[in-house]
Protein chains: 2
Amino acid sequence: MDKNLKRMATMHRMQVTGLELFYKNGYYNTSIDDILKSLSLSKGAFYYHFQSKEDFFVSIVQNLIVRKVYSMLIEPIEGKENPFSVIENCFENALETAEHNEMDYGFILSNFISEFNRRNTVISNYLMDIYKVWEVNLVSILQKGKSDGYVDRHVDSEGVATYLISSYMGVRTLMVQGNCRNLRYKYMQQLRHYFSSLAAKEIA
Amino acid sequence: MDKNLKRMATMHRMQVTGLELFYKNGYYNTSIDDILKSLSLSKGAFYYHFQSKEDFFVSIVQNLIVRKVYSMLIEPIEGKENPFSVIENCFENALETAEHNEMDYGFILSNFISEFNRRNTVISNYLMDIYKVWEVNLVSILQKGKSDGYVDRHVDSEGVATYLISSYMGVRTLMVQGNCRNLRYKYMQQLRHYFSSLAAKEIA
DNA sequence: TTTTTTACCGACCACTTGGTCGGAAAAAAA
DNA sequence: TTTTTTTCCGACCAAGTGGTCGGTAAAAAA
């Protein structure tokens, strides 16, 4: 982790460019040559560092995609106070980032989940692991929200988490085709609506 | 439409098998040879009926995918009474069908929308057209629900439609990886929760 | 300085891709 | 029956595909 600095640097460059192109064109529609060309590197360099295209992608999942999802959707939520406002802010922020990103091809996680669904179980599992961490985190903040008096005690936290993730994945898919601002606005409005039906009732 | 019966039959066979494989493996990960092999047909037959792979897929969208979405998600809703119960039944039914389908690779429409996003605008547009029809239909039934006293008048019908479609696309993506029964149950429960927050208030 | 290890090059391989084309059965029309 | 049209065959092509391998600079170790 000290001596092989050059190694790490090159691998990282490959991973970054690889993710860019995979995200842009899809995994099966991106060749290793494409990636190498845009890096001015050779086949030899690639297969010196990675065993195969699949191995390469797995390393991208573990190094880059995990971090992306973490920093955008998990960390902003962990251990905060009012679940509803925290999640609301987090989603709003994530959608706004996507909206202003010229190169948006949808939610990276759900894109790859659906591309690899049943086609490559190894990769699918790595992706589902990320999804599960996200889910667990949502559930735990909702549970905490119950003890803190924000969330109604009758609410099914796991159900809410599933519903949140589903809807988020869905809008992100729809957003790619443009009209993002409008979609985001409508989505956030309904999200608040939904949340209002889950809030703890005022004690009269 | 009478003389070229054989023509239609062969084209239809190709389209059906084509959709099967495209849905299963993805468009870019399925070759024409794959389809031809499973039909015991030759290249010549294919290019006699279709101009290109893209042209072929467009015909599949217009003939098969449109109908699928229509019969599963649009027709069961058109012009019915209580929007909430109608949509609820429709979604429940659609999810159950998917759940019991051995070969489920996610919601066909959203799968292809994300596969072609920004990679093939021609096909993307055809897919988005279907999505739009679905949306329009949801909006119109919600609006009708307002005049019929089911839906609260302050509700933003377009927002609700967007939210519904998003969440549906999302669960369908999640369902592929198994645990469908549980996902469906949780999803439907939250959907009802959400709907309850949109219902017209009882006149005291 | 010499030796060894690390990092990279690029020709090459077997195979697959979408697509073409001359021809030949099969069916329809004459 | 003969002719024409429709439908399909399959060899072929150029352009990729993921992956291998013998070799070589440059850096590190000796």
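Letters A, B, ... mirror the listed sequences (proteins, then strands); counts begin at 1. We use all heavy atoms of the structure for the numbers below, so side chains are in, but hydrogens, waters and symmetry mates are not.
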**Request:** Round to the nearest Å and state the distance from A:R7 atom CZ to C:dA7 atom P.
**Result:** 6 Å

**Prompt:** Can you tell me how far C1' of D:dG18 sits from NZ of A:K37, to the nearest Å?
**Reply:** 15 Å

**Item:** Heavy-atom side-chain proximity of A:L138 to A:V160 below 4.5 angstrom
**Value:** no

**Request:** May I ask you to list the residues of residues 43-61 of chain B, by number, that have any heavy atom positioned under 4.0 Å from an atom of DNA chain D?
**Result:** B:K43, B:G44, B:A45, B:Y48, B:H49

**Message:** Using 30° and 60° as the class boundaries, would you call the ring planes of A:F46 and A:F56 parallel, tilted or perpendicular?
**Reply:** perpendicular

**Prompt:** When the distance from NE2 of A:H12 to P of C:dA7 is rounded to whole Å, what number comes out?
**Reply:** 17 Å

**Prompt:** What integer distance in Å separates A:N29:CG from C:dT16:P?
**Reply:** 19 Å

**Prompt:** Does a side-chain N-to-carboxylate-O contact under 4.0 Å join A:R172 and A:D104?
**Reply:** yes

Nucleotide N/O of nucleotides 13-16 of chain D paired with protein N/O under 3.5 Å:
none

**Prompt:** Among all residues two or more places apart in sequence or in another chain, which pass the side chain to side chain donor-acceptor pair (under 3.5 Å) test with A:S31?
**Reply:** A:D34

**Prompt:** Salt-bridged, A:E115 to B:R119, with N to O below 4.0 Å?
**Reply:** no

**Request:** Calculate the interatomic distance between B:L36 atom CG and C:dT17 atom P; express it in whole Å.
**Result:** 12 Å

**Request:** Would you please name every residue forming a ring-ring contact (aromatic ring centres under 6.0 Å, His included) with A:F112, sequence neighbours left out?
**Result:** A:F57

**Request:** Assign the ring pair A:F107 / A:W134 to parallel, tilted or perpendicular, where the plane angle (0 to 90°) is split at 30° and 60°.
**Result:** perpendicular

**Message:** If the cut-off is 4.0 Å, is B:T10 near the phosphate of D:dC8, judged by side-chain N/O to OP1 or OP2?
**Reply:** yes

**Rounded distance in Å - OH (B:Y28) to C1' (C:dG18)** = 13 Å

**Prompt:** For residues B:Q177 and A:S124, is any side-chain donor paired with an opposing acceptor at under 3.5 Å?
**Reply:** no

**Request:** Return the set of residues passing ring-ring contact (aromatic ring centres under 6.0 Å, His included) with B:Y131 (not counting sequence neighbours), or none when no residue passes.
**Result:** none

**Prompt:** Cut-off 3.5 Å, side chains only: do A:Q143 and A:K146 have a donor facing an acceptor?
**Reply:** yes

**Value in whole Å for how far the P atom of C:dT6 lies from CE of A:M8** = 15 Å

**Ring geometry between A:Y163 and B:Y163 (parallel below 30°, tilted from 30 to 60°, perpendicular above 60°)** = perpendicular

**Message:** Can you give me the dot-bracket string for DNA chain C, 5' to 3', counting Watson-Crick and G-U wobble pairs with both distances under 3.5 Å, using [ ] for crossing pairs and | for partners on another strand?
**Reply:** .||||||||||||||||||||||||||||.

**Asked** Taking atom P of D:dG19 as reference, at what distance in whole Å does atom CD1 of A:I35 sit?
**Response** 12 Å

